[in-house]
Amino acid sequence: MMDFNKDKFKERVMYWIDRGTGDGIEGATDRQTYEAVSRALMDLIWNNWRDCERDIKAEKLKRAYYFSVEYLMGRALGNNIMNLGLRPQVFEVLDKMGLNLNAAEDTEPDAALGNGGLGRLAACFIESLATLNLPARGYGIRYRYGMFRQKIVNGQQVEVPDDWIASGDPWSIRRNNRTVVVKFGGRVITEQAPGGKLVYKTVDTEEIRAVPFDMPIIGWDTNTVNTLRLWEAESVNGFNLQFFNNMEYLRAVESQNRAHDLSRVLYPNDNGPFGKALRLRQQYFFSSASLQDIIREYKRVNGGSLSDLPEMAVIQLNDTHPVIAIPELMRILMDEENLGWNESAEVTKKTFAYTNHTVLTEALEKWPIDLFRAEFPRLFQIVDEINRRFMIELSKRFPLDKQRHHRMSIIADGMINMAWLAMAMSFSVNGVASLHTELLKKDVLGDWYAIWPHKFNNKTNGVTQRRWLRKSNPALASLLDEVIGSEWTKNLSLIVGLRDRVDDKNLLNRIGEIKAENKKNLANTTFRLTGIAVDPDSLFDIQIKRLHEYKRQILNLISVIHDWLAVKNNPNLDFPPRTIFFGAKAASGYRRAKQIIHLIHAVAEKINQDGAGSLKVVFIPDYKVSVAEILFPAAEISQQISTAGKEASGTGNMKFMMNGAITLGTMDGANIEIVDEAGVENAFIFGLNSEEVKELRDNGLYNPGAILDDNPELRETLNTLVNGTFGFSDDFKELYNSLVYGVEGKVPDEYFVIQDFKSYSEARQLAGETWKHKEQWNRIALLNIAGSGKFSADRTVQEYASEIWRIRPRFQSANNLRKSEKLCSI
Ligand code: 26Q
């Protein structure tokens with residue numbers, strides 16, 4: 001595909017090493033090698049990247065713009081080398097130069113510009129978009145500090161700033177020529193234009209400069225290189241010389257600091273709480289900058305009026321975080337482009353599509369009117385007018401239903417409801433798994449479904465098999481290449497071909513051997529990160545995801561305690577050796593989540609030194625993309641145990657599945673579809689389903705006390721939280737109380753931990769029993785791998801492209817086909 005010349009590449013690497021070290025290759029560190037190779041690759045893709053932009057403009061292709069406050073990218077170098085298909089060549093060149101590619105890759109800090117699922121989904125999507133040659137661009141914020149690094153001190157989480165660009169970032173390019181200005185605050189004045197029309201102007205605003213940094217997004221086996229454009233905030237005025245000369249240094253840089261605050265740091269809470277002005281300012285900062293960028297480009301390509309914008313551009317809003325782009329586009333169209341209200345609203349409604357990622361009501365974004373109006377006075381007027389017109393429509397349709405009017409009002413009780421704003425002004429709304437979309441229609445967005453059912457659609461999430469299978473699990477990837485051919489890398493539906501070989505004992509064996517190797521690898525990493533030696537021959541049972549009560553890490557932990565007690569009381573019990581891995585970050589202000597991390601550590605310490613039943617508990621600190629790439633391939637059990645109805649989709653569940661781990665989970669989110677594809681007999685499913693949960697909740701029928709009366713073993717297990725078994729801590733007492741009595745306002749425990757315990761415990765045990773039979777286990781693993789075809793982000797993105805965005809890939813005309821074969825830059 002790519003015309004790669006080893007000698008030329010070597011020359012480029014030498015050149016960049018020289019520029020980096022100042023004294024040639026001898027003194028080159030791994031980090032300098034990383035930078036040099038990255039820069040040499042940037043040189044290599046440069047022409048393709050530029051041509052990609054040029055072609056899209058020249059052909060006037062409609063483009064999709066993905067607006068997201070989060071992109072959880074992980075490392076770039078290894079992935080880019082792989083997608084270029086150059087791993088062996090680059091390795092060889094470096095090897096001959098005496099440079100170590102693997103060590104160089106390991107110096108790259110993760111680009112962790114996201115919290116969890118939503119941010120990683122955005123990263124998978126843009127990679128798939130490039131691979132599918134779809135004209136698309138991602139927009140977001142270039143946080144100076146990404147997701148905090150997690151240290152564990154005395155068994156508790158401590159957050160450390162993530163200084164990911166301390167040494168620079170060879171993968172992003174500053175584009176000064178595309179700088180824009182974003183305006184905050186001020187006041188609105190109206191003027192009479194010559195024709196008599198009222199014109200709105202916002203004056204006395206605070207101006208911030210937005211500077212874009214572009215990252216190339218390199219597709220697999222294609223010359224398409226798309227762009228992720230991330231904005232950095234700068235002061236328009238630099239610093240104040242007057243103050244400086246007066247030796248008032250802090251005041252001199254005050255406005256500079258205030259500007260930089262906008263892209264200073266990622267908010268590390270992945271489900272509210274809201275109400276922080278800076279967070280809203282961040283959202284506006286990047287939304288406004290991105291819209292200005294899109295419009296500038298649109299005009300350059302199409303000239304003149306913006307009424308045809310929807311023919312060239314569609315904007316996908318990744319949750320409500322960028323929804324402020326909606327009134328901002330209205331403002332630009334009316335106040336700057338002189339379109340009328342109706343036409344502006346038409347254009348806006350054809351431009352935006354909204355993805356919802358949660359049904360948790362506490363996570364639905366609402367902003368206080370006063371805060372919103374102070375920051376964006378003109379946008380507030382526009383939102384108010386959108387709402388006024390919408391309420392008129394609604395009153396026509398439901399004249400007497402005052403309650404409905406209040407429920408659906410975009411502005412109510414002093415707050416602006418961002419999801420309602422998205423519903424009113426976009427043409428599409430989608431959930432991220434089948435159950436989730438159904439719950440949106442029935443529950444969270446039920447009123448909106450009643451008036452606009454046609455806007456609703458489902459797009460079940462997916463993940464990129466390039467990073468999550470080919471790159472992270474090269475041994476399994478090679479086996480797949482051998483058995484079904486390598487096309488699965490681009491077309492994961494072909495992986496079902498593996499099913500034909502389910503009776504091939506030799507193949508099952510090899511799947512087992514690959515897993516064993518990956519487990520050894522994880523055991524080594526675990527020792528390096530924690531000092532804990534785990535038995536690579538034990539069952540590897542893994543739960544890795546953000547720490548949240550609804551994800552029920554504590555259900556897992558209580559079952560661990562339960563098993564530990566059972567073995568202590570009866571040493572003859574035939575439990576298989578088992579290692580339970582946790583990896584999770586808690587939002588800095590989420591007290592209960594931090595208490596759970598504390599408890600996991602206390603339990604791990606006790607159980608690991610006790611050694612009963614060869615049970616081990618490991619908490620992997622600082623769980624992130626690059627560590628996930630080691631965990632998924634080594635997993636045998638995938639824990640997906642959220643309270644049914646709460647996890648919108650999950651995507652880790654898919655990564656586990658394609659790496660041959662077996663799901664131990666509830667009928668929640670995409671687990672349901674995973675079981676559909678793999679067969680229910682090839683997963684360990686337990687617990688209430690979402691309807692049963694709803695029934696118990698609605699009728700107040702959940703009674704943890706009564707369950708404990710019936711289950712003395714469970715009572716004894718829970719008592720260990722308060723009787724000092726793991727030390728005395730108020731944290732553990734509070735956790736105990738929350739499970740048994742619930743908390744004020746929400747009584748009893750709204751996550752039904754005690755309710756699901758028994759069923760979970762049985763499913764866990766069945767999984768352990770099944771695991772003892774290696775061949776049967778490998779068979780189930782194979783059927784999971786073979787069933788994972790649906791969960792490629794390629795499938796998801798293709799659905800977005802054809803059903804929502806109405807965009808087509810490049811290279812459809814003969815003309816373009818020729819271009820796709822064009823050579824690379826060096
Ligand atoms: C919003 C405003 C203020 C502060 C924080 C936030 C905020 C930040 C991140 C709210 C939510 C998030 C992230 C949510 C998230 O990751 N949701 C997950 O999305 C995945 C991809 O669709 C799903 O698979 C998961 O089920 C869902 O939990």
Side-chain angles (χ1 to χ4, degrees), residues 66 68-72 112-125 140-141 143 146-147 265-284 286 316-324 354-368 371 415-419 422 430-437 439-440 458-463 544-552 584-585 587-590 640-656 665-666 668-674 690 791 793 796-797 800:
Y66 202 74
S68 176
V69 283
E70 302 196 4
Y71 291 90
L72 193 43
L113 309 183
N115 272 285
L118 169 147
R120 183 55 229 178
L121 188 77
C124 283
F125 278 8
I141 301 173
Y143 299 106
M147 186 61 206
V265 59
L266 167 77
Y267 273 86
N269 40 336
D270 72 343
N271 271 301
F274 318 103
K276 285 272 184 293
L278 180 59
R279 165 79 187 191
L280 183 60
R281 285 165 56 85
Q282 285 185 335
Q283 297 178 350
Y284 179 67
F286 107 89
Q316 191 69 36
L317 301 168
N318 199 20
D319 215 296
T320 52
H321 317 153
V323 160
I324 197 162
Y354 156 57
T355 304
N356 174 291
H357 295 266
T358 188
V359 296
L360 306 181
T361 39
E362 67 271 22
L364 294 175
E365 248 185 316
K366 290 180 188 158
W367 292 100
L371 190 161
M415 306 289 257
I416 302 180
N417 186 322
M418 302 306 268
N430 73 280
V432 290
S434 172
L435 172 69
H436 172 54
T437 302
L439 292 176
L440 289 179
N458 176 248
K459 295 287 169 283
T460 297
N461 283 165
V463 303
I544 40 177
K545 47 182 79 252
R546 285 301 290 260
L547 204 310
H548 248 289
E549 286 165 282
Y550 84 79
K551 295 176 189 281
R552 297 201 294 191
K585 289 179 181 175
S588 338
Y590 189 174
Q640 309 299 338
I641 61 177
S642 51
T643 311
K646 298 267 182 196
E647 188 71 270
S649 161
T651 43
N653 47 4
M654 302 166 184
K655 296 163 195 167
F656 277 113
T666 47
D668 199 16
N671 296 354
I672 296 173
E673 289 157 84
I674 285 176
S690 63
F791 304 105
T796 314
V797 154
Y800 276 92

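Numbering of ligands and ligand atoms starts at 1, following listing order. The figures here come from the full heavy-atom set of this structure, side chains too, leaving out hydrogens, waters and symmetry mates.
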Is T358 close enough to touch ligand 1? Criterion: a residue heavy atom under 4.0 Å from a ligand atom.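 No, that is not the case, since the closest heavy atom of the residue is not under 4.0 Å from the ligand.
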
I'd like to know if A363 contacts ligand 1, where contact means a heavy-atom distance under 4.0 Å to any ligand atom.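 No, A363 has no heavy atoms under 4.0 Å from ligand 1.
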
Select one of side chain, backbone, both or neither to describe which atoms of [X] lie under 4.0 Å from any atom of ligand 1, heavy atoms only.
{"X": "W367", "result": "neither"}
{"X": "R279", "result": "side chain"}
{"X": "L118", "result": "both"}
{"X": "N461", "result": "side chain"}
{"X": "K276", "result": "neither"}
{"X": "E70", "result": "side chain"}

Should you measure from each heavy atom of [X], which atoms of ligand 1 turn up under 4.0 Å away?
{"X": "V432", "result": "22 (O)"}
{"X": "A648", "result": "26 (O)"}
{"X": "H321", "result": "1 (C), 7 (C), 8 (C), 9 (C), 10 (C), 11 (C), 12 (C)"}

So do L266 and V69 actually touch side chain to side chain, heavy atoms under 4.5 Å?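 Counting from C-beta outward, V69 and L266 never come under 4.5 Å.
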
Are the side chains of H321 and L118 in contact, using a 4.5 Å heavy-atom criterion?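 The answer is yes; the side chains approach within 4.5 Å.
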
Checking [Y] against [X]: is there a side-chain donor and acceptor pair closer than 3.5 Å?
{"X": "D668", "Y": "S642", "value": "yes"}
{"X": "T355", "Y": "N318", "value": "no"}
{"X": "T320", "Y": "E365", "value": "yes"}

Nitrogen or oxygen of [X] less than 3.5 angstrom from that of ligand 1:
{"X": "E647", "answer": "yes"}
{"X": "S649", "answer": "yes"}
{"X": "H357", "answer": "yes"}
{"X": "Y550", "answer": "yes"}

Within the supplied structure, the quantity of interest is the number of heavy atoms (other residues, nucleotides, ligands) at a distance under 6.0 Å from K459 NZ; does it exceed 12?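 Yes - once you tally the heavy atoms of other residues, nucleotides and ligands closer than 6.0 Å, there are more than 12.
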
Using side chain to side chain contact (heavy atoms under 4.5 Å, CB included) as the criterion, list what pairs up with I544, not counting sequence neighbours.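 I544 satisfies side chain to side chain contact (heavy atoms under 4.5 Å, CB included) with I542, Y623, L631, F632, F656 once adjacent residues are dropped.
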
Worked verdict on L280 versus I324 for side-chain contact (heavy atoms from CB on, under 4.5 Å): CA-CA 9 Å; L280 183 60; I324 197 162; 4.2 Å; yes

I'd like the name of whichever of G652, S68, G117, G650 reaches closest to atom 24 (O) of ligand 1 through any heavy atom.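 Comparing heavy atoms across G652, S68, G117, G650, the nearest one to atom 24 (O) of ligand 1 lies in G650.
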
Which heavy atom in G462 sits nearest to a heavy atom in F125, and how many Å separate them?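 Where G462 meets F125 most closely, the heavy atoms are O-CE1, 4.4 Å.
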
List the steps, then state whether side-chain contact (heavy atoms from CB on, under 4.5 Å) holds for Y550 with L360. CA-CA 9 Å; Y550 84 79; L360 306 181; 3.6 Å; yes

